[in-house]
Amino acid sequence: MNTLKYKRPKGTRDIIPEEFELREVLLEKIKKSIRAYGYKFIITPTFEHTELFIRSIGDSTDIVEKEMYTFHDKKGRSYTLRPEGTAPVIRAFLENSIMPPAKLAYIMNMFRAERPQKGRYREFWQVGVEAIGIKDPLIDAEVIEMGYSILKELGAEKLVVLINSIGSIEERQAYKSALLDYLNEKEQDGTLELCNDCKRRKNRNPLRILDCKIDGPKLKDAPKLKEFLSNESLKYFEEIKSYLDKWKVNYREEPRLVRGLDYYNHTAFEIVSEKIGVEDTLLGGGRYDSLVEDLGGPATPAVGWALGLERIINYFYQIPRISGPFYFVATVNEFSKGYAIGLLKKIREWKIPSDMTYEPKSLKAQMKIADRLNAVKAVIVGEDEIKLQKVRVRDLETGKEVLVPEKDLVKIYEEEMARRKGKEVL
RNA sequence: GUGAGAGUAGCUCAACUGGCAGAGCGCUGGACUGUGGCUCCAGUGGUUGGGGGUUCGAGUCCCCUCUCUCACCCCA
């Protein structure tokens, strides 16, 4: 088994037919919901100029520092497999002169060179939305509510929106230095010893220290981010919450919530499920008012989120057993096989999933294969049937057989599909 | 990058302190020659991830290596 010569690269996944069908169903639901909120879908290239990600995500973030798949072409240009969707979408928004206000959505695979674990892969799929050119608490709230309802519709349970305002970039900067002053002072007078992780965090993202399991509790008297927010920022945040209240979104204010990408400001949020032991984030997002300008466009505020498709599937779905061909054509001998080949061709012109055995096999063996493939009905063709100008249709679940003219195969198929509709529990 | 666990048949897993590598499922065929599932019978299955070492003898002990999984970090 482990003598296999080639295996998939670490952290990548094969989506086998069973999961493929499940994803199709989920994605259809997601697309329908997102369109209902007025978004249009786009697809950007799988790779971009490396610079785009460094500029947008921030050069001292984990993603840029150690998780990007970067390569060079023959002329030495540096490209990177997209690690996230927001920067490419904004780039495309600018490059195609799309006019704000614009609501763009995407379903794209992302690439990050992390150590894989549950719900976390090196290639993974994100569904994301970006509302570009609108700055009003109403849109922030709507974006959050949309993510919340979509997750709910997808069957995610015990959802909680964690929400915070991290203020404007200037406000956050002021807070950051106040926090650093506080930490340095405590360290110098010996009342505080940070863990190794937090020593690293100090340079990279000091706000995260407050959330550290080891050091966090020691910092009860540290300055609070909220104290550094302007009245305007606070009011904006309050308004968002009042909409969420009105729409009965289950949220919790999380003063320590910060985002790992540099471009966020003001609203930051995550949606987690309390059903999952390790509180993995199902969806994360926030407001980013300076990104469009940073990427060379006019000053344009924006807000958005992304959700991880694999996490939804991992935590809330079983990979279903899928049904095989609707009709499995079985033949009695070489003579009827010739006839069956023509019949199969007709069934396929009707676009009904169907199959047969190609090598000669006994009828018994053919039936066995039909069963194993989980076919819905077997169509048995032998000399008797040909003589009568009919086919024998056996329901593989009930074992009931009917003798009908060929053209009835369409009717039987349609009736069965109609019967199943709505009952499809994936 | 750090830490923990696991690799035995196609799959899920056994094999006491080192002593002949096994079972179930699957697969093929038959009982039932124009009918699947259930039952019974027979057959099919392996370089125990790879390399080295200790030993009369290694799936089992030691070292190296590869792969996978989980957790931390970080994130979707």
Side-chain angles (χ1 to χ4, degrees), chain A residues 1-13 57 61-67 83-86 107-128 147 151 195-201 204-205 208 211-214 257-261 269-273 277-286 304-315 324 328 330-333 335-336 357 361-386 392-401:
Chain A
M1 56 171 295
N2 268 324
T3 54
L4 274 183
K5 201 166 174 184
Y6 301 108
K7 304 177 80 170
R8 71 177 94 91
K10 192 195 247 319
T12 61
R13 310 183 348 110
I57 300 170
T61 56
D62 273 10
I63 294 180
V64 169
E65 270 191 352
K66 49 186 198 191
E67 296 175 359
E84 62 104 36
T86 300
I107 298 169
M108 303 193 295
N109 49 349
M110 307 296 163
F111 306 84
R112 292 182 201 172
E114 300 177 89
R115 277 278 271 277
Q117 62 190 64
K118 195 170 174 68
R120 207 233 207 114
Y121 304 95
R122 290 187 167 184
E123 181 185 12
F124 58 99
W125 288 75
Q126 280 190 341
V127 178
L151 287 173
C195 70
N196 287 336
D197 282 334
C198 284
K199 280 177 186 151
R200 231 170 10 87
R201 288 184 182 113
R204 184 174 311 205
N205 198 344
R208 224 170 252 292
D211 207 16
C212 175
K213 291 176 189 70
I214 303 161
L257 177 73
V258 292
R259 309 249 71 224
L261 287 66
F269 58 90
E270 288 182 9
I271 303 183
V272 302
S273 166
V278 254
E279 245 189 24
D280 242 335
T281 305
L282 297 174
L283 177 155
W305 52 246
L307 77 80
L309 199 56
E310 286 81 2
R311 288 190 180 172
I312 304 292
I313 293 174
N314 264 217
Y315 294 125
F328 192 91
T331 62
V332 172
N333 55 30
F335 171 72
S336 55
T357 54
K361 291 222 190 265
S362 67
L363 180 58
K364 186 188 174 77
Q366 293 177 66
M367 291 300 290
K368 214 167 174 177
I369 289 168
D371 186 56
R372 199 160 59 224
L373 287 176
N374 201 16
V376 179
K377 289 178 193 284
V379 178
I380 299 157
V381 186
E383 276 157 49
D384 301 350
E385 287 80 12
I386 295 171
R392 191 176 296 275
V393 180
R394 181 183 176 92
D395 186 288
L396 288 171
E397 200 180 323
T398 63
K400 279 189 187 135
E401 290 190 358

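Here is how names work: the chains are called A, B, and so on, in the same order as the sequence lines, proteins then strands, and each is numbered from 1. Worth saying up front: this structure is predicted, and the values here are computed from it rather than measured.
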Identified stems (criterion: three or more consecutive Watson-Crick or G-U pairs, under 3.5 Å), RNA chain B:
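Stem segments, range with range: B:1-7 with B:66-72, B:10-13 with B:22-25, B:26-31 with B:39-44, B:49-53 with B:61-65.
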Going by salt bridge (Lys or Arg N to Asp or Glu O under 4.0 Å), name the residues that satisfy it together with D371(A), two or more places apart in sequence or in a different chain.
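D371(A): no salt bridge (Lys or Arg N to Asp or Glu O under 4.0 Å) contacts found.
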Contacts of type salt bridge (Lys or Arg N to Asp or Glu O under 4.0 Å), residue E385(A), not counting sequence neighbours:
R392(A)
Roughly how many Å apart are rG7(B) and rC41(B), using the P atom of each and rounding to a whole number?
32 Å
Can you tell me, in whole Å, how much space there is between the C1' of rU8(B) and that of rA21(B)?
8 Å
Quick one: is [N] close enough that its OP1 or OP2 comes under 4.0 Å of any side-chain N or O from [X]?
X	N	answer
K7(A)	rU67(B)	no
Q117(A)	rC70(B)	no
K66(A)	rG1(B)	no
R120(A)	rC70(B)	no

Exercise: identify the closest heavy-atom pair between [X] and [Y]:
X	Y	value
W305(A)	V127(A)	CZ3-O, 3.5 Å
Y315(A)	K118(A)	CE2-CE, 3.8 Å
T281(A)	V272(A)	CA-CG1, 4.1 Å

What donor-acceptor contacts under 3.5 angstrom involve side-chain atoms of residues 107-116 of chain A, with partners at least two apart or in another chain?
| residue | atom | partner | partner atom | Å |
| --- | --- | --- | --- | --- |
| N109(A) | OD1 | R82(A) | NH2 | 2.6 |
| N109(A) | ND2 | E123(A) | OE2 | 2.7 |
| R112(A) | NE | P83(A) | O | 2.7 |
| R112(A) | NH2 | P83(A) | O | 2.9 |
| E114(A) | OE1 | R120(A) | NE | 3.1 |
| E114(A) | OE1 | R120(A) | NH2 | 2.9 |

From the set rG36(B), rG34(B), rU69(B), return the single nucleotide nearest to any side-chain atom of P116(A).
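Looking only at side-chain atoms, P116(A) lies closest to rU69(B).
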With sequence neighbours excluded, residues passing side chain to side chain donor-acceptor pair (under 3.5 Å) with R8(A)
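Side chain to side chain donor-acceptor pair (under 3.5 Å) check on R8(A) returns D14(A).
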Could you pull out the protein-nucleic contacts involving nucleotides 27-29 of chain B (nitrogen or oxygen on both sides, under 3.5 Å)?
| residue | atom | partner | partner atom | Å |
| --- | --- | --- | --- | --- |
| rC27(B) | OP1 | R372(A) | NE | 3.4 |
| rC27(B) | OP1 | R372(A) | NH1 | 3.2 |
| rU28(B) | OP1 | R372(A) | NH2 | 3.4 |
| rU28(B) | OP2 | R372(A) | NH1 | 3.2 |

Give a yes or no answer on whether the side chain of R311(A) reaches the backbone of G119(A) with a donor-acceptor pair at less than 3.5 Å.
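Such a contact is found between R311(A) side chain and G119(A) backbone.
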Suppose we call a contact any N or O donor and acceptor under 3.5 Å apart; does that hold for the side chain of Q366(A) and the base of rG34(B)?
no
